[in-house]
Amino acid sequence: MIVSLPPRWMLFTGALAALALAVPPFVIARVRATPDPNRAVHIFFDMDFQPKFRPQSVNPLFADGRAQRPSVLGTVARGEAGLDVHLSDGVVNGKWADTLPAGMTMSRELLDRGQQRYNIYCSACHGYGGYGDGTVNKRAMELMTNSAGPANGTSWVQAKSLHDPLVREHPLGMLFNIASNGIRTMAGYSAQIDTADRWAIAAYVQALQLSQNASIQDVPPEIRDNLKKEVK
Amino acid sequence: MSRFLFPRWSNLLLPTIILAAATIPVYAIFFVAYGLSPKTLEVGYQPEQPVPYSHALHAGELGLDCRYCHTSVEKAAHASVPATQTCMNCHTHIRPESPKLAKIKESYATGLPVPWIRIHKLPEFAYFNHSAHVSRGVGCVSCHGRIDKMEVVYQNEPLSMGWCLECHRNPDKNLRPLSEITNLAFDATAELSASEHQALKTKFDINPNDNCSTCHR
């Protein structure tokens, strides 16, 4: 039997249609494999965008575009007046405090919390051990020793070792104040860390200092012998 | 007048029609399932940000913890994008004159926020809460991918309802100890055994919840 074919134009259109069907899979595969600078088109808006403001969203009614309004200049929120200078500045009777503020007690939990927070916020510069050897400090010191002069106006001061004899003298309240307001070229962290956590960090820094400058007398007598054996 | 005769080739029409009727629905299903799925449409959204800030450098190479910048992630529903002050902690002294940081310096001087472009965004009828996940053993990497390897952040997961439920119905293998929440290199599925996952589930008291009112309130 002779297979008789339809006219040319029909075959041609058919082939074209089959080819066209092969295009979408390629497009889909490509879209899946590559990043896209545009958000997906919204055909049905449903209730995806509602006339309300979420945290950090934009409100065009204000000149700075912030929907979250910063507090009005010269006003103080309840409980944030800083009347308890021990809690908010680390000062008692005009001197650096040696103790935690009222309501906080020294405990294992407090030190663990302090360690965790220290590792998040301070270790980048001061290092996990407190020797001033954090990754950011290293990178910044490299920029300072650039052969063509400090890159892009870098002016870094070595992050102080927390085991520096002078720093070891700092009372608890002063460490708290440094964590809050910074010192010389170091920025303060009161905007990023809340008050209780800054006290926990200060307490942990003292524990860290003690750990790196401890003598056998600081070890409880019942485990001293064990420790001596381990060292040998 | 001659009668109209179907040409011989029209015998081919019937098999062609049958073939088309069989393949086109399959094709259409494929098109909708793959082409219109959030995995195609939503994943991979990577807008160009106003400042060429790199997570690969800051969170990867320098090893900054996510919470150094996204401070509210453990406490609140919303994970805050950092204020300019946070960048200036370091950049007052590190490369302050770099042209790449010009917009940050400008924002610091004027007090106007940097117009970062929002990437991950649920429809506003859905309720999501970071602290409920992050403080109960679900790490950033489960929902955002390897941010610490991204020069420019892109969306790595579909964030569709099906995707949320997939984990809510079977959260075990996504759980990790709280110390590894921001450690994106930690692979909870590979590094923990089934019994360790079970222990974490008991510890955090996790009861998978797929009531509509959990997320539509």
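So that the names make sense, note that chain A is the first sequence line, chain B the second, and so on, each numbered from 1.
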Other residues, nucleotides and ligands only: do more than 12 of their heavy atoms fall within 6.0 Å of [atom1] on [X]?
| X | atom1 | value |
| --- | --- | --- |
| B:Glu48 | CD | no |
| B:Lys75 | NZ | yes |
| A:Tyr128 | OH | no |
| A:Phe44 | CZ | no |
| A:Met141 | CE | yes |
| A:Gln158 | CD | yes |
| A:Arg69 | CZ | yes |
| A:Arg8 | CZ | no |

Can you tell which of [options] has the highest number of heavy-atom pairs within less than 4.5 Å of chain A?
| options | result |
| --- | --- |
| B:Glu97, B:Gln85, B:Gln155 | B:Glu97 |
| B:Met88, B:His58, B:Lys121 | B:Lys121 |
| B:Ser10, B:Pro7, B:Gly44 | B:Gly44 |
| B:Trp116, B:Tyr154, B:Tyr34, B:Phe31 | B:Tyr34 |
| B:His78, B:Glu42, B:Arg118 | B:His78 |

Please confirm whether the backbone N or O of [Y] pairs with a side-chain atom of [X], one donor and one acceptor, at under 3.5 Å?
| X | Y | answer |
| --- | --- | --- |
| A:Arg32 | B:Val43 | no |
| A:Tyr121 | B:Arg67 | yes |
| B:His93 | A:Val157 | no |
| B:Tyr27 | A:Leu21 | yes |
| A:Gln56 | B:Val81 | yes |
| B:Glu124 | A:Gln50 | yes |

Next on the checklist: Heavy-atom pairs under 4.5 Å with chain B: which of A:Pro24, A:Ser57, A:Ala140 has the most?
Outcome noted: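 Ranked by heavy-atom pairs under 4.5 Å with chain B, first place is A:Pro24.
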Checklist entry - In terms of heavy-atom pairs under 4.5 Å with chain B, which of A:Ala191, A:Ala124, A:Pro55 leads? => result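 Going by pairs under 4.5 Å, I would pick A:Pro55.
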Quick one: are [X] and [Y] in side-chain contact, heavy atoms under 4.5 Å?
| X | Y | value |
| --- | --- | --- |
| B:Pro123 | A:Asp46 | no |
| B:Asp65 | A:Asn119 | no |
| B:Trp9 | A:Pro7 | yes |
| B:Tyr68 | A:Tyr189 | yes |
| B:Ile94 | A:Val136 | yes |

Determine the minimum heavy-atom distance between [X] and [Y], stating which atoms define it.
| X | Y | answer |
| --- | --- | --- |
| A:Trp156 | B:Cys90 | CZ3-O, 4.4 Å |
| B:Thr86 | A:Gln192 | CG2-NE2, 3.5 Å |
| A:Arg54 | B:Leu122 | NH1-O, 4.3 Å |
| B:Asn89 | A:Gly188 | OD1-O, 4.2 Å |
| B:Gly35 | A:Ile28 | CA-CD1, 3.4 Å |
| B:Leu41 | A:Ala40 | O-CB, 3.5 Å |

Between [atom1] on residue [X] and [atom2] on residue [Y], distance to nearest 0.5 Å:
| X | Y | atom1 | atom2 | value |
| --- | --- | --- | --- | --- |
| B:Thr71 | A:Ile193 | OG1 | CD1 | 9.5 Å |
| A:Asp64 | B:Thr110 | CG | OG1 | 9.5 Å |
| B:Ser98 | A:Leu143 | OG | CG | 10.5 Å |
| B:Ser72 | A:Asp194 | OG | CG | 12.0 Å |

Please look at [X] and chain A and tell me whether the side chain, the backbone, both or neither of the residue comes under 4.5 angstrom of a heavy atom of that chain.
| X | answer |
| --- | --- |
| B:Ser80 | both |
| B:Ala126 | backbone |
| B:Leu178 | neither |
| B:Thr23 | neither |
| B:Ile119 | backbone |

Relative to chain B, which segment of [X] carries a heavy atom at a distance below 4.5 Å: side chain, backbone, both, or neither?
| X | result |
| --- | --- |
| A:Arg39 | both |
| A:Phe45 | neither |
| A:Met10 | side chain |

Checklist entry - Are B:Glu74 and A:Arg113 ion-paired here, with the side-chain N under 4.0 Å from a carboxylate O? => result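 Salt bridge between B:Glu74 and A:Arg113, a charged N being under 4.0 Å from a carboxylate O: no.
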